[in-house]
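What follows is a set of notes on a single structure, which appears directly below.
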Amino acid sequence: MPNRLPDTYPTERRALQVVTTHVVARRLHAATGRFGLRATPGGFGTPQFETPDVGRERLRVTGGRLVRERLDPTATTESMPIDGSTLLELAAFAGVELTGADADAFSVGHDTPALGDIDRRIGVGTETTRVIGDWFGIVAGALDAIVGTVTDARSTPTVAQLWPEHFDLAFDLAFDPDATDTRRVNVGGAVGDGFEPEPYLYVGPWTDDRPGDSDFWNAPFGAVLRRDDVFAGDDPTDVAAAFLERGLAMLSTTG
């Protein structure tokens with residue numbers, strides 16, 4: 001079984017989501033116009049990107065720290081702690097502007113977390129960042145396993161991305177390749193939200209299809225498997241992949 005989550009996990013998770021959205025994703029968006037992040041070893045961050053003023057770089061979160069890797073003109077790595085820093089300090093470290101007239105206008109979707117007080121000290125313990133980093137590692141491994149089982153090119157899985165809006169790592173693919181584009185399904189994992197405060201996996205069809213075992217479809221948007229259940233087996237990544245594969249297998253019968 002996994003370690004018990006800190007009592008402060010929901011509050012710290014939301015604080016880390018603000019950092020992820022308004023520092024990490026903002027920096028990527030300013031450079032590329034995109035804000036989809038990636039799982040990285042021990043955490044998450046941007047893919048490598050390039051800006052005219054700095055060159056190639058990457059931002060990531062790991063071990064309770066914000067890490068900035070700059071590859072031009074020489075490869076250097078710097079980091080600073082998230083816990084105890086302000087959003088303004090983290091933004092300055094990352095090369096992000098949070099004080100302009102349009103600072104509040106940045107959006108990663110309908111549920112974008114508010115910018116809030118950028119001078120308030122952030123409280124995010126290393127245990128919470130470890131739990132979130134480990135969870136995204138499990139989800140990434142399960143999604144890789146799914147990609148390895150998709151043999152029909154028409155299913156066209158998208159690239160697994162970490163979406164700051166919902167703080168989840170996911171991709172979607174067609175469960176009925178011969179039908180319209182709406183017959184697709186989101187598969188992935190979130191670190192907690194208004195639906196479920198702790199990390200969970202999900203299978204979310206874009207349609208109302210809920211074939212097979214009715215007990216499997218246990219959420220309004222499809223099916224979920226909670227963190228404790230994922231760690232109930234010998235290998236959490238195998239358990240996660242099996243859950244996602246089961247949902248896809250049942251959906252494929254509707255094609």
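- Checking side-chain atoms of T20 against main-chain N and O of L16 turns up a donor-acceptor pair under 3.5 Å.
- When the side chains of ILVMFWY residues are joined at heavy-atom separations under 4.5 Å, either directly or via intervening members, F167 and V23 end up in a single hydrophobic cluster.
- Side chain of T129 to backbone of G64: a donor-acceptor contact under 3.5 angstrom is found.
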For residues 185-197, run the donor-acceptor check on the side chains, cut-off 3.5 Å, and write out each pair with its distance to 0.1 Å, sequence neighbours left out.
unit_1, atom_1, unit_2, atom_2, d
N186, OD1, W206, NE1, 3.0
D193, OD1, F195, N, 2.9
D193, OD1, E196, N, 3.0
D193, OD2, Y200, OH, 2.5
E196, OE1, R226, NE, 2.8
E196, OE2, E198, N, 3.3

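- Atom CG of D102 has 12 or fewer neighbouring heavy atoms from other residues, nucleotides or ligands inside a 6.0 Å radius.
- Legend: residues meeting ring-ring contact (aromatic ring centres under 6.0 Å, His included) with F243, ordered by chain and number and at least two apart, are F216.
- Every residue was checked against the salt bridge (charged side-chain N to carboxylate O under 4.0 Å, His left out) condition with E245, not counting sequence neighbours, and none meets it.
- Between the R68 side chain and the F93 main chain, a donor and an acceptor come within less than 3.5 Å of each other.
- With values rounded to the nearest 0.5 angstrom, L88 atom CG is found 14.0 Å from R120 atom CZ.
- Shown here are the side-chain hydrogen bond (donor to acceptor under 3.5 Å, both in side chains) partners of T40, two or more places apart in sequence or in another chain: there are none.
- Panel note: side chain E97, backbone T99; a donor-acceptor pair is recorded below 3.5 Å.
- D117 CG: more than 12 foreign heavy atoms inside a 6.0 Å radius.
- E69 has no carboxylate O lying under 4.0 Å from a charged side-chain N of R56, or vice versa, which leaves the two without a salt bridge.
- The salt bridge (charged side-chain N to carboxylate O under 4.0 Å, His left out) search around D111 returns none, not counting sequence neighbours.
- Residues satisfying the salt bridge (charged side-chain N to carboxylate O under 4.0 Å, His left out) test with R70, not counting sequence neighbours, are E78.
- For T86 (side chain) and E89 (main-chain N/O), a donor-acceptor pair under 3.5 Å exists by modelled atom type.
- L71 belongs to no hydrophobic cluster with other residues, because no ILVMFWY side-chain heavy atom falls under 4.5 Å from its own, directly or through intermediates.
- Taking a 6.0 Å sphere around CZ of R121, one finds it holds more than 12 heavy atoms contributed by other residues, nucleotides or ligands.
- Evaluation of the ring pair (Phe, Tyr, Trp, His ring centres under 6.0 Å) test over residues 105-132, restricted to residues two or more places apart or in two chains, returns H29-F106.
- Looking only at distances, a side-chain donor or acceptor of T158 sits under 3.5 Å from a matching main-chain atom of D172.
- Every residue meeting the side chain to side chain contact (heavy atoms under 4.5 Å, CB included) condition with P47, not counting sequence neighbours, appears here in chain and number order: L28, R38.
- Within a 6.0 Å sphere centred on CG of D53, other residues, nucleotides and ligands contribute more than 12 heavy atoms.
- Looking only at distances, a side-chain donor or acceptor of D235 sits under 3.5 Å from a matching main-chain atom of D238.
- For S214, there are no side-chain hydrogen bond (donor to acceptor under 3.5 Å, both in side chains) partners, not counting sequence neighbours.
- Residues passing the side-chain hydrogen bond (donor to acceptor under 3.5 Å, both in side chains) test with R210: none are found, sequence neighbours excluded.
- R246 is linked by a salt bridge (charged side-chain N to carboxylate O under 4.0 Å, His left out) to D213, counting only residues two or more places apart in sequence or in another chain.
- From E12, atom CD reaches atom CG of D7 across 10.0 Å, with rounding to the nearest 0.5 Å.
- Under a 4.0 Å N-O distance rule, the pair D178/R183 does not qualify as a salt bridge.
- With L90 as reference, I82 is the one residue of V18, I118, L59, I82 to meet the side chain to side chain contact (heavy atoms under 4.5 Å, CB included) rule.
- Side-chain polar atoms of S155 and R184 form no donor-acceptor pair below 3.5 angstrom.
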